[in-house]
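Down below is the structure, laid out as structure tokens.
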Amino acid sequence: MGASALAAGAGIGLRAPHYGEVARTRPPLAFLEVHSENFFGDGGPALAVLEGLRADYALSFHGVGLSLGSADPLDERHLLRLAALVRRFEPALVSEHLSWSSFGGIHANDLLPLPRTREAVDHAAGRIARVQDRLKRRILVENVSCYLELGEPALAEWEFVDAVVRRAGCALLLDVNNIHVNAANLGFDARAWLASVDPALVAEYHLAGHERGERGLVDTHAAPVAPEVWALFREAVARIGPRPALIERDACIPPLQELLAEAAQAEAILEASRERAEAPA
Amino acid sequence: MSALARLQREFMAGLAGEEAGAIAIHRGNVRSARHDALAATYPVVRRLVGDAFFRALALRYGEAHPSRSGDLHLYGEALAAFVADDPFARALPYLADVARLEWACHEALHAADAPPLDALALARVPPGRQHAIRFLLHPSVRLLACGHPVAALREANQPERDGTPDRTEGADRVCVWRDASGVRVRRMEPHAWEFVRALAAGASLGEAIEGFADGGPLLARLGAEGIIAGFTPGEAPA
């Protein structure tokens with residue numbers, strides 16, 4: 001169950017402006033990923049769209065609101081809604097972010113970086129394990145973008161992510177753009193990140209666009225995937241292997257054709273890697 | 001308190017503050033997430049006050065009513081009450097009612113689905129038992145009584161309209177619900193609105209229809225439009 005059920009092909013993040021066109025035209029894609037919270041309602045048109053697509057597409061539910069790393073108690077309502085959604089749609093993948101969003105009951109509704117300490121490893125891993133128990137399946141957690149260090153880091157980012165994923169027994173959703181953004185902002189080598197990843201832990205890639213802000217790179221999901229991120233993705237696939245790969249756009253959403261063109265570009269990179277793997281030595 | 005909790009408490013305080021630096025990127029994210037959630041739920045309020053005022057309103061609202069869930073669809077419920085007390089928004093006395101209407105539309109959009117009324121089963125109820133029928137409204141139905149012509153204001157501020165309402169005076173009783181075409185907003189005559197409200201409160205047909213000369217056409221319309229979505233036959237006579 002879970003990651004193994006999904007082919008290592010390219011998919012797109014399905015957002016409301018494209019519901020109608022995707023339902024009508026059924027573009028060939030390995031999977032569709034949606035934000036879980038957009039389907040937390042009791043009924044209505046969004047859920048109807050997803051029901052209409054599930055026969056033709058593998059689905060991936062990507063959560064943005066569970067606040068996995070928060071010191072607050074896990075939000076039971078949120079978890080119940082997610083569990084009900086997962087039971088109903090039986091998605092190929094369920095993922096969340098290795099971050100926190102809330103404290104004292106107040107939500108930032110943003111993906112905030114965790115301090116890279118042993119304490120945070122234990123805390124996040126314990127919560128991920130509890131979510132997996134509740135959902136009765138393995139989930140993926142994504143490495144997030146960072147613009148600052150929270151507290152005094154005891155671990156490099158790749159060590160932190162690796163420790164959490166191993167301790168929790170979950171899988172890693174490797175966001176290639178976030179590695180690039182963090183390398184630029186925090187001053188490390190993106191290749192060192194990639195070189196340290198255990199390929200056995202990686203179950204999906206994310207590809208998104210960033211923009212240059214006053215203080216460095218900002219992970220906006222509002223632009224096409226940058227050439228440097230494509231290059232890093234090629235290296236990741238060469239080292240780690242092909243996995244489901246997602247084109248993610250959350251703002252300034254372009255015509256569907258532009259996302260499909262980026263998905264085709266990702267598909268070509270995955271395809272080349274599969275061919276290399278199959279070629280006789 | 002753990003070191004993790006302490007760091008998170010400090011960071012949340014920093015987000016609410018004004019400190020510059022990298023934290024300002026996150027502060028911007030928080031504000032735009034809240035603004036965008038409100039803008040999605042309250043397009044007519046936004047159009048009535050303009051983008052700049054709405055952005056400032058979203059900021060004030062966010063400080064008074066910060067988000068309490070990772071699901072932003074739950075955010076913004078108190079905007080009508082906030083607008084009613086907001087010294088800057090008070091210049092538009094109808095704004096709070098428009099906000100109430102838009103929250104009702106938002107709830108209706110995400111309410112549970114229900115199959116349509118089984119008209120054949122309804123027709124089989126013997127005439128002597130009809131008064132005992134209890135109708136079930138579609139789960140999306142929301143009823144509002146507003147002191148301003150909110151239905152006309154909403155209609156006039158749809159994207160294809162120029163914003164001039166057909167009516168500027170009057171109190172609207174409104175029924176909001178969802179059908180296959182989406183969210184519907186219907187201004188109702190007071191007696192029809194009271195009838196639907198009685199059904200919503202669980203009255204039997206006999207109780208709700210008291211005082212009507214002929215409730216048949218109204219019932220047929222409510223069934224055909226999907227406002228009534230089911231019924232229970234009621235108790236058999238003793």
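None of these values were measured; they are calculated from a predicted model. Just so it is clear, the values below take in all heavy atoms, side chains as well, and ignore hydrogens, waters and symmetry mates.
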Locate the shortest heavy-atom distance separating N109(A) from S67(B); write the atom from each residue and the value. OD1-OG, 2.7 Å
R31(B) side, atom CZ; D110(A) side, atom CG - distance, nearest 0.5 Å: 12.5 Å
Mind checking the CD-CG spacing from E10(B) to L150(A)? Nearest 0.5 Å is all I need. 8.5 Å
Check each atom of R27(B) against the heavy atoms of chain A and say whether the ones under 4.5 Å are side chain, backbone, both or neither. neither
Checking R9(B) against chain A: side chain, backbone, both or neither under 4.5 Å from a heavy atom? both
Non-hydrogen atoms of chain B under 4.5 Å away: do they reach the side chain of L47(A), the backbone, both or neither? neither
Ring centers of Y147(A), H26(B) separated by less than 6.0 Å: yes
Do you know the tightest heavy-atom contact between G44(A) and D113(B)? N-OD1, 3.0 Å
Gap between atom CG of N29(B) and atom OG1 of T220(A) - 0.5 Å precision: 9.5 Å
Roughly how far, to the nearest 0.5 Å, is NE2 of H123(A) from OG of S2(B)? 7.0 Å
Counting heavy-atom pairs under 4.5 angstrom with chain B, the leader among S67(A), G213(A), S36(A), G69(A) is G69(A)
Which residue out of D36(B), I25(B), I23(B) racks up the most heavy-atom pairs below 4.5 Å with chain A? I25(B)
Between CZ of F11(B) and CZ of F103(A), what distance do you get to the nearest 0.5 Å? 13.5 Å
Answer yes or no: does atom CZ of R88(A) have more than 12 heavy-atom neighbours from other residues, nucleotides or ligands under 6.0 Å? yes
Are there over 12 heavy-atom neighbours, none belonging to R134(A), within less than 6.0 Å of that residue's CZ? yes
Main-chain N/O of L4(B) paired with E119(A) side-chain donor or acceptor, under 3.5 Å: yes
If you count heavy-atom pairs under 4.5 Å between each of V64(A), L112(A), L66(A) and chain B, which one has the most? L112(A)
So what's closer than 4.5 Å to chain A heavy atoms on A33(B): side chain, backbone, both or neither? side chain
Any side-chain heavy atom of L74(B) sitting closer than 4.5 Å to one from R77(A)? yes
Residue from R6(B), E107(B), H110(B) scoring the most non-hydrogen pairs under 4.5 Å with chain A is H110(B)
Can a donor-acceptor pair be found, under 3.5 Å and without considering hydrogens, that links the side chain of Q8(B) to the backbone of D72(A)? no
With the side chain counted from C-beta on, respond yes when D71(B) and D75(A) share a heavy-atom pair under 4.5 Å apart, and no when they do not. no
Quick check: do I106(A) and M12(B) have side-chain heavy atoms less than 4.5 Å from each other? yes
Closest contact, heavy atoms only, R215(A) versus A22(B): NE-N, 3.3 Å
So, for R34(B) and H107(A), which heavy atoms are closest and what is the spacing to 0.1 Å? NH2-O, 3.2 Å
Bottom line for N38(A): the part with an atom under 4.5 Å from chain B's heavy atoms is both
Should we count CZ of R55(B) as having more than 12 external heavy atoms under 6.0 Å? no
Atom CZ of R81(A) and atom NE2 of H73(B): how far apart are they, to the nearest 0.5 Å? 11.5 Å
Assess whether atom CD of E63(B) is packed by more than 12 heavy atoms of other residues, nucleotides or ligands within 6.0 Å. yes
